[in-house]
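First the structure, in the form of structure tokens, and then the observations on it.
Just so it is clear, the structure is predicted and the values come from calculations on it, not from any experiment. Chain letters run A, B, ... following the sequence lines, proteins first and then strands; every chain starts at 1. Any value given below was found using the heavy atoms of this structure, including those in side chains, with hydrogens, waters and symmetry copies removed.
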Amino acid sequence: MKTKIYNDIIKSLKKIDLNCNEDFTVEIPNVAEHGDFSSNVALINAKTLKVKPRDLARKIANDLSKKRDYKSIEIAGPGFLNFKLANSLYYKELKKILKAQYNYGSSNYGHRKKVIIEFISANPTGPLNIVSVRAGAYGDTLFRIMKHIGFEPFSEFYINDAGNQVDIFAESIEIRYRELHGHCVEEFPFEAYHGEYIKDLAAELNTIEGTKLFHMTEEDRLERMKNFALDAIHKMQVSSLNRFDVQFDNWMSEKKLRLEGILEEALSYLAEAGCTYEKDDAVFFSSTKFGDEKDRVLIKADGNPTYLVPDIAYHLTKYNRGFDIIIDVLGPDHHGHVSKLRAAIKALELDDSKLEVVFLQHINLLEDGEVVKMSKRTGKIVTMDDLLNEVGKDAARYFFINRKPSAHLDFDLELAKKKSSENPVFYCQYAYARINSILKKAKKAKLTLKKFDEKNLNKLDNIDEINLIKKMMDLSSVLNLCADNREPHRLAGYVHELAGMFHKYYAKYKIIDEENTDLSMARLYLISAIQIVISISLDLMGISSPKKM
RNA sequence: GCGCCAAUAGCUCAGUUGGAUAGAGCAACGGAUUUCUAAUCCGUAGGUCAGGGGUUCGAAUCCCUUUUGGCGUGCCA
């Protein structure tokens with residue numbers, strides 16, 4: 001609708017002067033008296049055309065008033081154009097919603113651009129924690145929204161199943177395994193993993209293997225433990241994610257990248273580009289050439305690659321797979337890392353503008369108002385499963401989607417538990433359930449939309465009804481904004497507002513009035529549309545739409 | 001030191017890319033249930049948009065600066 005008005009204005013503007021500036025906006029004002037839509041076109045163009053803003057606005061208004069789509073066009077303030085639309089346009093949109101059903105709001109906005117969204121990518125050394133809940137809710141919602149509006153998104157989880165951390169992980173299992181067999185460990189090493197689940201894994205392995213592992217060489221034993229534990233953790237993570245309704249198109253394994261020689265490939269490309277050199281027995285990447293503040297080590301003096309190498313190799317595969325947009329969703333502690341990665345991508349002569357990194361800010365876990373330090377090493381974690389047990393999937397998803405990625409977030413578990421009745425997600429779901437209940441009642445009263453004559457839509461003529469339709473029309477521009485800015489939290493706000501408008505409407509008007517079936521039917525038509533739009537929005541956030549609450 | 005992110009109501013946060021009178025939820029207070037489900041609605045109260053300067057018709061939004069907080073600045077990942 002905005003674009004329609006925008007185009008109408010352009011046409012009208014061209015008649016006045018061809019040298020007009022098209023960089024103006026059409027917006028929905030936040031004050032109702034300012035009309036349904038409002039444009040600053042006259043303010044923007046007044047200076048270049050050397051006329052007074054209000055005079056220019058008058059000219060445009062006179063021209064556009066000839067169209068019958070506009071009920072009125074007013075000039076206000078310094079020179080805003082305020083449009084009021086004819087109700088027929090709204091009724092048309094309402095019909096569109098009922099016709100499109102759950103496809104409403106979908107579009108070709110994304111032009112089938114291929115987008116890879118990598119998110120969570122938690123270490124495979126423990127259960128998913130609350131940080132992953134945020135990343136999961138964010139990444140999956142962004143994925144669903146992009147898909148709905150015509151992108152071709154692809155979700156991926158990167159598993160760091162090789163390297164130093166994983167070795168420490170295996171050693172931690174080894175220590176717990178030895179304990180089971182009476183080997184006394186004087187002091188549990190600080191850097192090892194302390195969580196209780198390590199003991200569980202060791203015990204599980206023990207029931208399978210018993211003492212057999214002691215007959216292996218230490219190297220083989222650790223390898224066996226590593227593979228066993230990685231596999232167990234992976235299954236654990238997949239099961240948590242299933243509960244959270246997050247699916248991945250692909251799990252990319254670092255180990256696999258290593259086996260396939262992608263690391264060497266990346267290194268040789270960098271060498272060919274003349275961007276590597278040897279110093280102090282190590283191989284360096286001259287990243288300063290590409291805007292990094294200092295050169296980085298690729299191969300350590302001991303011959304092992306640093307974490308940077310597999311990461312470059314991994315991103316090389318993202319480019320090789322032909323994605324148009326590459327989105328990495330990371331924690332804030334990785335931002336120092338991105339300049340290095342970006343430098344490498346430039347060195348490989350790849351288009352670094354394709355790579356976007358979204359940093360999800362920290363979550364402070366609060367207990368009695370105090371911040372609790374979370375660490376996998378010390379074993380103090382709140383897992384995704386804990387959270388799902390406490391508040392359920394729907395509330396957890398809403399809670400974590402409902403804020404912009406760049407905002408820090410204080411999470412009070414006590415409050416989250418209490419929230420079960422206060423959480424805004426129920427407010428939205430309740431609107432859906434309420435509508436369902438009204439529709440059920442209408443059916444009993446033999447009011448069905450099959451017999452409805454759409455001409456009667458003009459019974460929907462009060463301001464609240466028109467406002468509801470206007471709100472529903474916003475869906476597609478909200479989705480576009482969510483996708484463009486990688487900010488799915490806007491959808492959470494949107495559905496909350498729509499639900500609120502419905503609740504108010506419900507309290508104010510009687511929908512089923514057996515004395516006036518035409519009006520009742522029109523209103524049933526309206527709330528059916530609301531139900532569809534709420535359901536689409538919730539579904540895009542991975543939240544269920546309960547028929548009854 | 002340098003770099004990145006933030007600062008909006010008592011609390012948790014929005015604010016449609018520079019628009020007109022800065023909004024929700026929670027908490028507080030007052031009201032509405034013979035109903036279409038009260039997990040709801042109506043009302044009251046709550047603000048120097050961290051401070052200062054700049055850009056222009058117009059700034060919470062853009063630029064500069066100060067302050068405060070978080071993070072980064074490894075031959076850890």
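- Look at C75(B): it lacks any Watson-Crick or wobble partner with both distances under 3.5 angstrom.
- Sequence neighbours left out, not one pair with a member in residues 31-53 of chain A passes ring-ring contact (aromatic ring centres under 6.0 Å, His included).
- Distance from the side chain of A282(A) is smallest for C75(B) among the nucleotides C75(B), A39(B), A77(B).
- Among the atoms of the strands shown, base atoms are found under 4.0 Å from some heavy atom of H335(A).
- For the P atoms, the distance from U56(B) to G74(B) is 42 Å, rounded to whole Å.
- Distance noted for atom P between U16(B) and C11(B): 23 Å (whole Å).
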Under 3.5 Å, N/O pairs linking protein and nucleotides 57-59 of chain B:
| unit_1 | atom_1 | unit_2 | atom_2 | d |
| --- | --- | --- | --- | --- |
| C57(B) | OP1 | K47(A) | NZ | 2.7 |

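- The residue among I511(A) and E254(A) whose nearest nucleotide of RNA chain B lies closer to the 5′ end is I511(A).
- With sequence neighbours left out, H334(A) forms a ring-ring contact (aromatic ring centres under 6.0 Å, His included) with no residue at all.
- Contacts between residues 298-309 of chain A and RNA chain B, defined by a heavy-atom separation below 4.0 Å, involve K300(A), A301(A), T306(A), Y307(A), listed by number.
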For this session: Spell out protein contact along nucleotides 8-16 of chain B as letters: B when the base is contacted, S when just the sugar-phosphate is, - when no protein heavy atom is under 4.0 Å; keep the 5' to 3' order.
Result: ----SSSSS
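- Atom-to-atom distance recorded for I120(A):CD1 and L330(A):CG is 12.5 Å, nearest 0.5 angstrom.
- With rounding to the nearest 0.5 Å, the separation of CG in D161(A) from CH2 in W251(A) is 11.5 Å.
- Rounded to whole Å, the C1' atom of G31(B) lies 48 Å from the corresponding atom of C71(B).
- Residues satisfying the side-chain hydrogen bond (donor to acceptor under 3.5 Å, both in side chains) test with Y505(A), not counting sequence neighbours, are E465(A), R523(A).
- Regarding contacts with the backbone of G74(B), a side-chain N or O of K294(A) is found under 4.0 angstrom from either OP1 or OP2.
- The heavy-atom pair separating D292(A) from A343(A) by the smallest distance is CB-CB, 4.5 Å.
- Distance noted for atom C1' between C76(B) and U61(B): 40 Å (whole Å).
- Base engagement by N40(A) is indicated by at least one non-hydrogen atom pair under 4.0 Å involving a base atom.
- Of all nucleotides present, none satisfies the Watson-Crick or G-U wobble test against A20(B) with each distance under 3.5 Å.
- Between Y138(A) and F119(A), the distance from one ring center to the other does not fall under 6.0 angstrom.
- For A32(B) and G70(B), the C1' atoms lie 46 Å apart once the distance is rounded to whole Å.
- Within 4.0 Å of D311(A), counting heavy atoms only, lies no atom of the nucleic acid at all.
- Comparing C5(B), U73(B), U40(B) against the side chain of E293(A) picks out U73(B) as the nearest.
- Remark: the separation of the P atoms in U8(B) and A60(B) is 15 Å, to the nearest Å.
- Base pairing analysis places C11(B) opposite G25(B); the two distances defining the Watson-Crick or G-U wobble pair are each below 3.5 Å.
- Checked for salt-bridge contact, D328(A) and K318(A) meet the test: a charged N lies under 4.0 Å from a carboxylate O.
- Listed nucleotides G19(B), C41(B), C76(B) differ in distance to Q165(A); the shortest reach to its side chain belongs to C76(B).
- Of all the heavy atoms in V425(A) and D394(A), the pair that sits closest is CG2-O, 4.0 Å.
- In this structure, of C76(B), C36(B), C42(B), it is C76(B) that holds the atom nearest to the side chain of N164(A).
- Using Watson-Crick or G-U wobble geometry with both donor-acceptor distances under 3.5 Å, C4(B) finds its partner in G70(B).
- Both distances falling under 3.5 Å, in either a Watson-Crick or a G-U wobble arrangement, occur for no nucleotide opposite A60(B).
- Listed pair Y427(A) / C41(B) meets the phosphate criterion, a side-chain N or O lying under 4.0 Å from OP1 or OP2.
- Look at the C1' atom in both C41(B) and C5(B): the space between them is 40 Å, to the nearest Å.
- For C4(B) and U44(B), the P atoms lie 45 Å apart once the distance is rounded to whole Å.
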